[in-house]
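Accompanying notes for the structure given below.
Below, each value reflects all heavy atoms present in this structure, side chains not excepted, and no hydrogens, waters or symmetry copies. Throughout, a chain's letter reflects where its sequence line sits, starting with A, and its residues are numbered from 1.
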2 protein chains.
Amino acid sequence: MTLTPPPQRPARSAGRELKEKGLFEAARSVFAEEGFKGATTAEIARRAGVPKANLHYYFPTKEALYRAVTEEILSDWLAAASSFDKNGDPKEAISAYVAAKMDLARADPLGSRIWASEILRGAPVIKDFLETTLADWLASREAIMQRWIAAEKIRPLEPRYFFYMIWATTQHYADFEDQIKALNGGAPLSDEQFQKAKAQAIDTILNGVMP
Amino acid sequence: MTLTPPPQRPARSAGRELKEKGLFEAARSVFAEEGFKGATTAEIARRAGVPKANLHYYFPTKEALYRAVTEEILSDWLAAASSFDKNGDPKEAISAYVAAKMDLARADPLGSRIWASEILRGAPVIKDFLETTLADWLASREAIMQRWIAAEKIRPLEPRYFFYMIWATTQHYADFEDQIKALNGGAPLSDEQFQKAKAQAIDTILNGVMP
DNA sequence: ACGAGAATTGACCGCTTGGTCAAATCTATC
DNA sequence: GATAGATTTGACCAAGCGGTCAATTCTCGT
């Protein structure tokens, strides 16, 4: 579960990380568009501007590359999740969390799509993360929300379904971006439109849960 | 845009529709799991229990089969959408619509997943549907909601982002079923759990929008 | 029972896939 | 400038892909 394994030799070279990064970003875009199975190493190499054989020098298999991409996404997800904990007040915690998830969907739609595609195919690679890290995160935040319910700070509800609504709504703006584009005259949401969508998501969700 | 083209000869045979149906259902499951590109005609034929060459007798290409599957999904989507119009009262209309979308996600998760996968890859096949039929549907329901807002029957908001929340939340239960399973101890939601999730979705969305 | 068209299927084709490999080249240290 | 290791790459391979085809079998109206 190491997210950024330190290089065996610190001064390996300046060019190496750069080339790895290029392949990594190319892989993200291809995996997001085509899914794991649909993605081809030839296309990834083409976008990175290197011969396919060179890709296999840095990442021995397509799955190794995919796993590297995946780990970063899980790490970003957890970073956004931490904004739920920065304030003990329900209204503040929920607002901050929804805002952070909306911002993440806007900043890294590819990551969200790779996640969605991974779940659609049965989550073979991240199943362990879902069953351990994510399940633990959810359980402890459910406990927090149960306390809020007991204190009548929020309406009584099943916290996990509430989190599903937050995840679904925020990630929708990344995963279904092409549908949103088609419904927006062919253009992606402008920054103003997105800010409005974000404010409304926070608002509606808060109104939905505050007593 | 013909959804169910009538057979050229009515009494073609009883077995034909049955075999087509078998291939159709096998295709649905493979497309839902693997996406269009990841799905193989060999696997579809295997699940349907027929030789691959026989599949190509009924559906000349993989894309023809995919398009047939897709059309049914769009038709089902529109059928569920009609429940928004069965009542002029905002509370009733929204409740009925969310309920119908939740029921559809439960009854046909494969359809929802194929839709999601199609959007993720850029919606090449249903783009036309999104830009015409779906955009028209959305525009006219936005007009209805604007009237509700003017009459102060619901809070002021941008109706389209409200619909995105409904779509995202309801379809999440189909598209992310494997994630929900992992967070539910490995088991899919029981009927009771799902009914609770459905009631809460309706409730939270209504509270989010009613003044 | 027979003929014609519908349906079935094993074998096959050209192409793409993920991955390999050996030869060539580059880089850094002494 | 020699040498050892890191890096680069064209050529290649076995497996899998969507789709074709000709030969066969089935079905049914007459």
Side-chain angles (χ1 to χ4, degrees), chain A residues 5-24 26-31 33-70 114 117-118 121 124-125, chain B residues 5-24 26-31 33-70 114 117-118 121 124-125:
Chain A
Q8 293 89 333
R9 283 208 258 161
R12 182 93 64 94
S13 98
R16 176 165 191 129
E17 274 96 28
L18 213 76
K19 202 151 197 178
E20 261 179 13
K21 186 79 180 168
L23 283 162
F24 192 87
R28 282 173 56 84
S29 72
V30 177
F31 284 135
E33 284 170 30
E34 314 278 4
F36 175 76
K37 200 165 175 182
T40 70
T41 55
E43 175 62 13
I44 294 170
R46 200 191 57 76
R47 291 197 197 180
V50 304
K52 193 181 58 157
N54 201 357
L55 178 151
H56 282 101
Y57 176 73
Y58 287 97
F59 297 94
T61 66
K62 179 168 121 171
E63 187 171 329
L65 182 46
Y66 181 76
R67 283 182 183 270
V69 164
T70 299
I114 293 165
S117 168
E118 166 71 5
R121 73 186 186 117
V125 165
Chain B
Q8 292 87 335
R9 283 208 257 161
R12 185 91 65 94
S13 96
R16 175 162 192 132
E17 274 96 28
L18 213 76
K19 202 150 197 178
E20 261 177 15
K21 186 79 180 167
L23 283 162
F24 192 87
R28 283 174 54 84
S29 72
V30 177
F31 283 134
E33 283 170 32
E34 313 277 5
F36 175 76
K37 198 165 174 182
T40 70
T41 56
E43 175 63 14
I44 294 170
R46 201 191 57 78
R47 291 198 198 179
V50 305
K52 192 180 58 154
N54 202 356
L55 178 153
H56 282 102
Y57 177 74
Y58 287 98
F59 298 94
T61 65
K62 179 168 122 172
E63 188 172 328
L65 182 46
Y66 181 75
R67 284 182 183 271
V69 164
T70 298
I114 293 165
S117 168
E118 166 71 6
R121 73 186 185 117
V125 166

>> Can you list everything that forms a ring-ring contact (aromatic ring centres under 6.0 Å, His included) with Phe24(A)? Sequence neighbours excluded, please.
In response: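 Listed in chain order: nothing, the list is empty.
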
> With sequence neighbours excluded, what pairs up with Tyr66(B) under the ring-ring contact (aromatic ring centres under 6.0 Å, His included) test?
Replying inline: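 With neighbours one apart ignored, the set is Phe31(B), Phe36(B).
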
> Distance-only, no hydrogens or angles: does the Lys62(A) side chain make a donor-acceptor pair with backbone N or O of Ala39(A) under 3.5 Å?
Replying inline: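 Here the side-chain-to-backbone pair exists.
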
> DNA chain D: Lys52(A) or Lys37(A), which has the more 5' nearest nucleotide?
Replying inline: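 Closest to the 5' end, via its nearest nucleotide, is Lys52(A).
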
> Relative to the 5' end of DNA chain D, which residue comes earlier, Ala53(A) or Gly38(B), by the nucleotide with the nearest heavy atom?
Replying inline: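 Per heavy-atom nearest nucleotide, the more 5' residue is Ala53(A).
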
> Should Leu65(A) and Ile44(A) count as side-chain neighbours, where that means a heavy-atom distance under 4.5 Å?
Replying inline: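 Yes. Closest side-chain heavy atoms under 4.5 Å.
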
> How about Val50(A) and Leu23(A): do any of their side-chain heavy atoms sit closer than 4.5 Å?
Replying inline: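 Contact flag for Val50(A)/Leu23(A) side chains = yes.
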
> How bent is the helix from dA1(C)-dT30(D) to dC30(C)-dG1(D), comparing axes over its five end pairs at each side, to the nearest 10°?
Replying inline: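 Overall, the helix from dA1(C)-dT30(D) to dC30(C)-dG1(D) bends by 10° from one end axis to the other.
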
Output the rounded distance in Å from [atom1] ([X]) to [atom2] ([N]).
{"X": "Glu34(A)", "N": "dG18(C)", "atom1": "CD", "atom2": "P", "result": "11 Å"}
{"X": "His56(B)", "N": "dG18(D)", "atom1": "NE2", "atom2": "P", "result": "7 Å"}
{"X": "Tyr58(B)", "N": "dG19(D)", "atom1": "OH", "atom2": "P", "result": "18 Å"}
{"X": "Leu23(A)", "N": "dT9(D)", "atom1": "CG", "atom2": "P", "result": "11 Å"}
{"X": "Lys62(B)", "N": "dG18(D)", "atom1": "NZ", "atom2": "P", "result": "5 Å"}
{"X": "Asn54(B)", "N": "dG18(D)", "atom1": "CG", "atom2": "P", "result": "16 Å"}
{"X": "Leu55(A)", "N": "dT7(D)", "atom1": "CG", "atom2": "P", "result": "15 Å"}
{"X": "Tyr66(B)", "N": "dG18(D)", "atom1": "OH", "atom2": "P", "result": "15 Å"}

> At what distance, to the nearest 0.5 angstrom, does CZ of Arg47(A) lie from CG of Leu55(A)?
Replying inline: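 These two atoms lie 13.0 Å from each other.
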
> Taking only residues two or more places apart in sequence or in another chain, which ones pass side chain to side chain contact (heavy atoms under 4.5 Å, CB included) with Pro124(A)?
Replying inline: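 Pro124(A): side chain to side chain contact (heavy atoms under 4.5 Å, CB included) contacts with Glu118(A), Arg121(A).
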
>> Is the phosphate of dA7(C) approached by Tyr57(B) (side-chain N or O, under 4.0 Å from OP1 or OP2)?
In response: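 It does, given that an N or O in the side chain of Tyr57(B) lies less than 4.0 Å from OP1 or OP2 of dA7(C).
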
>> Could you work out, with salt bridge (charged side-chain N to carboxylate O under 4.0 Å, His left out) as the rule, every residue matching Glu34(A), not counting sequence neighbours?
In response: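 Partners of Glu34(A) by the salt bridge (charged side-chain N to carboxylate O under 4.0 Å, His left out) criterion, ordered by chain and then number, come out as Lys37(B).
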
>> Regarding Glu33(B) and Arg28(B), does a basic nitrogen lie under 4.0 Å from an acidic carboxylate oxygen?
In response: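 Looking at Arg28(B) together with Glu33(B), the answer is no, because their closest N to O distance does not fall below 4.0 Å.
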
> Listed in order of residue number, which residues of residues 39-50 of chain A have a non-hydrogen atom at under 4.0 Å from DNA chain D?
Replying inline: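 Of all residues in residues 39-50 of chain A, none places a heavy atom under 4.0 Å from DNA chain D.
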
